[in-house]
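To keep things clear, I will list the structure first and then write my remarks on it.
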Amino acid sequence: MTYIKDPPFAASLTEHKIKVLLIDDQAIVGVAVQRMLAPEDDILFHYCQDPTQAIPTAIEFAPTVILQDLIMPEIDGLTLVKFFRAHPHLKDVPLIVLSSKEEAVTKADAFALGANDYLVKLPDRIELVARIRYHSQGYINLLQRNEAYAALLSSQQALASELAQAADYVVSLLPEPVLDGAIKTAWRFFPSAQLGGDCFGYHWIDEDHFALYLLDVCGHGVGSALLSVSAFNAIRSQTLPKTDFLIPEQVLSALNDAFPMEGHNGLYFTIWYGVFNRRTRRLRFASGGHPPAFLVSGDGALAQLITMNFFIGGLSESVYQGDTVMVPENARLYIFSDGVYEVDRPDGAMWTLEELGAHLLQNALEKGEDIDALYRMMQDYHGQDILEDDFSMLSIHLT
């Protein structure tokens with residue numbers, strides 16, 4: 001793995017040279033300034049005698065500071081200052097106006113139009129060089145800041161694109177809803193960040209046994225999503241060693257061995273895992289630090305399915321227990337993350353697990369649109385479009 005200590009744009013900032021453009025109709029001034037700057041090896045000098053060519057010359061030369069006379073034929077010096085400040089490529093270039101007189105009103109007018117400095121020509125060489133270096137360095141800093149910002153923006157856009165692809169990948173792992181048969185499913189996943197820590201699924205272990213599971217990794221972002229996908233794939237592909245995936249407590253124990261939090265940057269997860277036998281209608285389940293699943297019978301009775309086990313990855317010596325329940329016909333099983341009900345209002349009051357159960361008794365979530373309605377209700381309750389935690393809900397109709 002390669003670690004980048006510095007931002008990727010740090011080494012690519014342009015090393016700008018100090019470039020002085022003098023605009024003055026008097027050739028003697030041009031020669032004098034050129035001689036003043038000749039001993040400075042790191043300063044490039046260009047002279048423009050025709051003020052009507054000042055703008056195109058400045059665009060081509062790209063100076064870091066402009067020296068400009070105020071009294072010139074064909075164009076007024078203050079007017080030229082306005083032209084420089086109105087041009088999109090030259091508006092930030094430091095501008096030192098040169099005048100033959102020390103006049104307060106002229107100075108004020110020049111500064112009001114955007115000049116950065118004022119010198120009575122010809123100044124002392126040491127002072128001229130110092131002012132050129134001072135203003136040029138400020139402008140170079142501005143150019144490099146803009147370059148760094150552009151590089152950072154590009155990097156952020158690339159990262160956002162990669163995160164979007166990663167989010168699409170996580171969603172692509174989730175199973176298709178089952179619309180027909182004795183077992184029908186619907187689900188919705190609304191992450192609170194671009195990459196969430198929730199993942200869930202279901203699959204047939206054999207022709208009689210149907211596994212259902214939902215896990216919730218602490219936190220959000222890339223690390224949580226990676227752990228979530230890793231654990232999800234271990235369950236889906238049944239690759240946990242020495243594990244009978246028909247026995248939920250064995251699955252939780254194997255996950256706890258495979259994903260210790262000290263080996264995953266302090267991250268852990270909760271999980272609810274169940275196996276439904278379609279012939280006997282027996283549901284075996286185990287949960288580790290996870291909210292209960294709700295089993296709602298056809299006659300309106302609600303049972304909370306939970307085992308009081310520790311979350312996954314916290315303690316290597318944890319012992320996990322499972323439980324069993326008989327599922328009546330035409331029952332609905334709801335498996336969800338705590339982000340479904342731990343939703344607070346702007347005044348601080350929080351929706352409760354009991355309120356969620358009461359809602360499910362009154363509103364059967366038969367399809368994804370029904371879960372959408374619950375999510376919209378939580379958005380209204382929270383007073384914001386994005387909830388503070390991932391919202392994951394599985395609805396399984398066991399006819």
Side-chain angles (χ1 to χ4, degrees), residues 156 159-160 163-164 166-175 177 185-201 212-229 232 266-272 287-296 302 304-306 311-312 332-396:
Q156 288 176 332
L159 177 60
L163 286 176
D168 290 341
Y169 170 70
V170 171
V171 173
S172 74
L173 297 177
L174 303 179
T185 66
W187 57 261
R188 283 294 188 267
F189 172 47
F190 298 103
S192 60
Q194 194 165 13
L195 277 176
D198 289 5
C199 210
F200 53 83
L212 315 102
Y213 40 91
L214 189 152
L215 59 94
D216 180 1
V217 178
C218 65
H220 309 96
V222 175
S224 297
L226 288 174
L227 177 56
S228 179
V229 169
F232 169 84
L267 296 175
Y268 61 88
F269 60 91
T270 68
I271 187 172
W272 194 99
S287 57
H290 201 81
F294 285 164
L295 181 64
V296 180
L302 184 147
Q304 295 189 18
L305 309 184
I306 186 172
F311 58 76
I312 304 300
R332 295 185 182 278
L333 179 66
Y334 299 103
I335 311 171
F336 46 87
S337 63
D338 55 10
V340 172
Y341 64 91
E342 289 185 349
V343 179
D344 56 356
R345 290 193 318 217
D347 64 5
M350 181 174 288
W351 217 48
T352 65
L353 188 64
E354 290 70 23
E355 288 175 304
L356 173 60
H359 178 82
L360 295 176
L361 286 176
Q362 297 296 321
N363 302 271
L365 306 183
E366 298 180 357
K367 51 188 182 298
E369 291 77 5
D370 299 329
I371 306 177
D372 290 336
L374 174 60
Y375 182 68
R376 288 193 299 270
M377 188 176 78
M378 291 298 95
Q379 288 175 307
D380 293 340
Y381 186 90
H382 186 53
Q384 298 182 31
D385 288 342
I386 303 299
L387 303 184
E388 293 182 356
D389 200 358
D390 300 339
F391 180 108
S392 300
M393 168 71 79
L394 268 174
S395 171
I396 305 97

Would you please test Ile271 and Ser287 for side chain to side chain contact (heavy atoms under 4.5 Å, CB included) and show each step?
CA-CA 6 Å; Ile271 187 172; Ser287 57; over 6 Å; no
Decide side chain to side chain contact (heavy atoms under 4.5 Å, CB included) for Arg332 and Ile396; before the verdict, give the C-alpha distance in whole Å, the side-chain angles of both, and the deciding distance to 0.1 Å.
CA-CA 6 Å; Arg332 295 185 182 278; Ile396 305 97; over 6 Å; no
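Of all heavy-atom pairs between Val170 and Phe189, the closest is CG1-CE2, 4.5 Å. Considering every non-hydrogen atom in both Thr270 and Gly289, the closest pair reads CG2-O, 3.1 Å. Of all heavy-atom pairs between Cys218 and Gly266, the closest is SG-O, 4.5 Å. Looking at every heavy atom in both residues, Ala186 comes nearest to Glu366 through CB-O, 4.1 Å.
The shortest distance between side-chain heavy atoms of Leu374 and His359 falls below 4.5 Å. Put simply, the side chain of Ile386 does not reach to within 4.5 Å of the side chain of Gln384, judged on heavy atoms. Counting only heavy atoms from C-beta outward, the side chains of Met378 and Phe391 approach each other to under 4.5 Å. Counting heavy atoms from C-beta outward, Leu215 and Val217 have side chains that approach closer than 4.5 Å. Contact check for Phe294 versus Leu356: side-chain heavy atoms found under the 4.5 Å cut-off. With contacts defined as side-chain heavy-atom distances shorter than 4.5 Å, the pair Val296/Tyr334 qualifies.
A donor atom on one side chain and an acceptor atom on the other are not found under 3.5 Å apart for His290 and Asp216.
Trp187 and Phe200 have perpendicular rings, their planes meeting at more than 60° on a 0 to 90° scale where under 30° would count as parallel.
A donor-acceptor pair is defined here as one N or O able to donate and one able to accept, closer than 3.5 Å; no such pair exists between the side chain of Tyr381 and the backbone of Asp344. Between the side chain of Trp272 and the main chain of Leu305, a donor-acceptor pair closer than 3.5 Å is present. No donor-acceptor distance shorter than 3.5 angstrom exists from the side chain of Glu342 to the backbone of Gly339, with no hydrogens or angles considered.
Here the straight-line distance linking atom CZ of Phe269 with atom SG of Cys199 works out to 11.0 Å at 0.5 Å rounding. For the atom pair CZ of Phe190 and CZ of Arg376, the computed distance is 8.5 Å after rounding to the nearest 0.5 Å. Between Ser228 atom OG and Leu214 atom CG the span is 8.5 Å, to the nearest 0.5 Å. Between Met377 atom CE and Asn363 atom CG the span is 7.5 Å, to the nearest 0.5 Å. Distance check, rounded to the nearest 0.5 Å: OG1 of Thr185 to CG of Leu212 gives 9.0 Å. Rounding to the nearest 0.5 Å places CD1 of Ile335 at 5.5 Å from CG of Leu394.
The side-chain hydrogen bond (donor to acceptor under 3.5 Å, both in side chains) analysis of residues 385-396, with sequence neighbours excluded, yields the pairs Ser192-Asp390, Asp198-Ser392, His220-Asp389.
For Arg345, the salt bridge (charged side-chain N to carboxylate O under 4.0 Å, His left out) partners two or more places apart in sequence, or in a different chain, are Asp347.
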